[in-house]
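One structure is given below, encoded as structure tokens.
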Amino acid sequence: NLSKTFPVSVNLLLEEWFIIRRLNWSGRFDYIKKIFSLERKIRRAKEGKPPLKVLYITYLGLLEPIPQSQVIPYLRRISDTVDIEVLSFEKKEIIRSSPEKFAKLQKTLKDSGIKWHILKYHKRPLFFSSVYDMLAGFIATFYLVIFGRINIIHARSNVPIAVAFL
């Protein structure tokens with residue numbers, strides 16, 4: 001009986017692992033990826049460690065083309081292995097112009113287990129807007145690191161790097 005050997009969280013992971021192993025998905029990459037990610041989570045749980053939590057900070061909004069093609073697929077791929085939270089600076093114009101795209105992205109990230117934290121991107125006044133965004137980003141990052149127990153911060157571009165170093 002597994003319940004006498006490991007804590008409850010490990011038992012749940014082991015049960016999920018055994019269920020996936022019983023399914024006849026041989027030869028499929030998704031099956032192998034799921035097994036390896038569960039094995040990593042089981043190993044960390046057996047060692048008494050919580051799952052790794054990553055904060056991904058980007059100054060580009062996730063609704064923009066580059067994050068749509070590069071960032072989101074990458075985050076969805078690794079979300080099986082680590083817990084991911086994203087902090088992005090979104091432009092009001094983009095959210096207002098395509099609310100259905102915004103809602104679809106929220107659902108996609110939520111279904112992948114990714115938490116999305118949104119800050120408003122400021123364009124004007126030129127220099128002070130970036131300083132203000134850095135300050136707001138620092139406060140949000142500080143809060144997420146302390147209360148969200150973030151282990152790793154990944155910053156993409158100059159403003160997020162400055163936020164992460166503060």
Side-chain angles (χ1 to χ4, degrees), residues 9 12-13 15-17 19-20 23 25 28-38 40-41 44-45 49-124 128-166:
S9 60
L12 294 174
L13 289 171
E15 286 174 19
E16 187 178 346
W17 186 83
I19 289 168
I20 291 170
L23 298 174
W25 289 355
R28 292 194 52 202
F29 176 73
D30 293 340
Y31 165 74
I32 294 167
K33 185 176 83 169
K34 188 83 169 170
I35 292 296
F36 283 133
S37 68
L38 277 172
R40 280 190 211 113
K41 286 182 179 180
R44 285 191 64 81
K49 298 177 184 174
L52 285 176
K53 293 184 87 175
V54 176
L55 175 61
Y56 186 96
I57 309 171
T58 178
Y59 202 46
L60 287 174
L62 293 185
L63 293 167
E64 295 181 42
I66 291 175
Q68 287 284 313
S69 64
Q70 296 176 9
V71 175
I72 295 169
Y74 162 73
L75 293 175
R76 289 182 68 203
R77 192 171 304 124
I78 66 169
S79 67
D80 287 340
T81 311
V82 295
D83 293 340
I84 299 175
E85 297 194 25
V86 177
L87 178 63
S88 67
F89 292 79
E90 300 295 330
K91 296 177 182 165
K92 269 187 180 178
E93 310 86 55
I94 295 177
I95 294 173
R96 285 184 187 152
S97 66
S98 55
E100 63 284 336
K101 189 175 178 182
F102 178 73
K104 183 180 177 187
L105 180 58
Q106 278 184 314
K107 183 179 179 346
T108 301
L109 293 174
K110 187 176 181 181
D111 292 346
S112 298
I114 299 171
K115 293 180 184 173
W116 186 17
H117 306 280
I118 302 168
L119 293 177
K120 180 184 169 199
Y121 172 82
H122 296 89
K123 196 173 190 174
R124 299 200 195 304
F128 295 107
S129 60
S130 294
V131 172
Y132 179 82
D133 285 346
M134 281 192 281
L135 182 61
F138 169 73
I139 292 168
T141 300
F142 182 79
Y143 178 83
L144 292 170
V145 168
I146 298 299
F147 296 107
R149 301 184 182 261
I150 300 293
N151 304 102
I152 299 168
I153 298 175
H154 178 95
R156 181 181 176 118
S157 83
N158 297 338
V159 171
I161 289 171
V163 166
F165 274 120
L166 290 176

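Owing to the predicted nature of the structure, the values given are computational and were not obtained by experimental measurement.
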Worksheet item: Can the ring centroids of Y132 and F128 be said to lie less than 6.0 angstrom from one another?
Response: no
Flag the pair [X] / [Y] as yes when at least one side-chain heavy-atom distance between them is below 4.5 Å, and no otherwise.
X	Y	value
D133	L119	no
L105	I72	yes
K91	E64	yes
L62	V86	yes

[X] [atom1] to [Y] [atom2] distance, which is reported to the nearest 0.5 Å:
X	Y	atom1	atom2	result
E90	L63	CD	CG	5.0 Å
K101	K104	NZ	NZ	9.0 Å
I152	K53	CD1	NZ	12.5 Å
I84	H154	CD1	NE2	10.5 Å
F142	F147	CZ	CZ	7.5 Å
S129	M134	OG	CE	9.5 Å

Item to complete: Anything under 30° is parallel, anything over 60° is perpendicular, the rest tilted; go ahead and classify F102 against W116.
Response: tilted
Practice prompt. Indicate the ring-plane relationship of F89 and Y59, choosing parallel, tilted or perpendicular according to the 30° and 60° boundaries.
Written response: perpendicular
Worksheet, complete the sentence: Minimal heavy-atom distance between P67 and G61, with the atoms involved, is CG-O, 3.2 Å
Item to complete: Locate the shortest heavy-atom distance separating I150 from I153; write the atom from each residue and the value.
Response: CG2-CG1, 4.2 Å
Worksheet item: What residues form a side-chain hydrogen bond (donor to acceptor under 3.5 Å, both in side chains) with S112, not counting sequence neighbours?
Response: R76
Item to complete: State whether the side chain of H117 and the backbone N or O of K115 hold a donor-acceptor pair below 3.5 Å, judged by distance alone.
Response: no
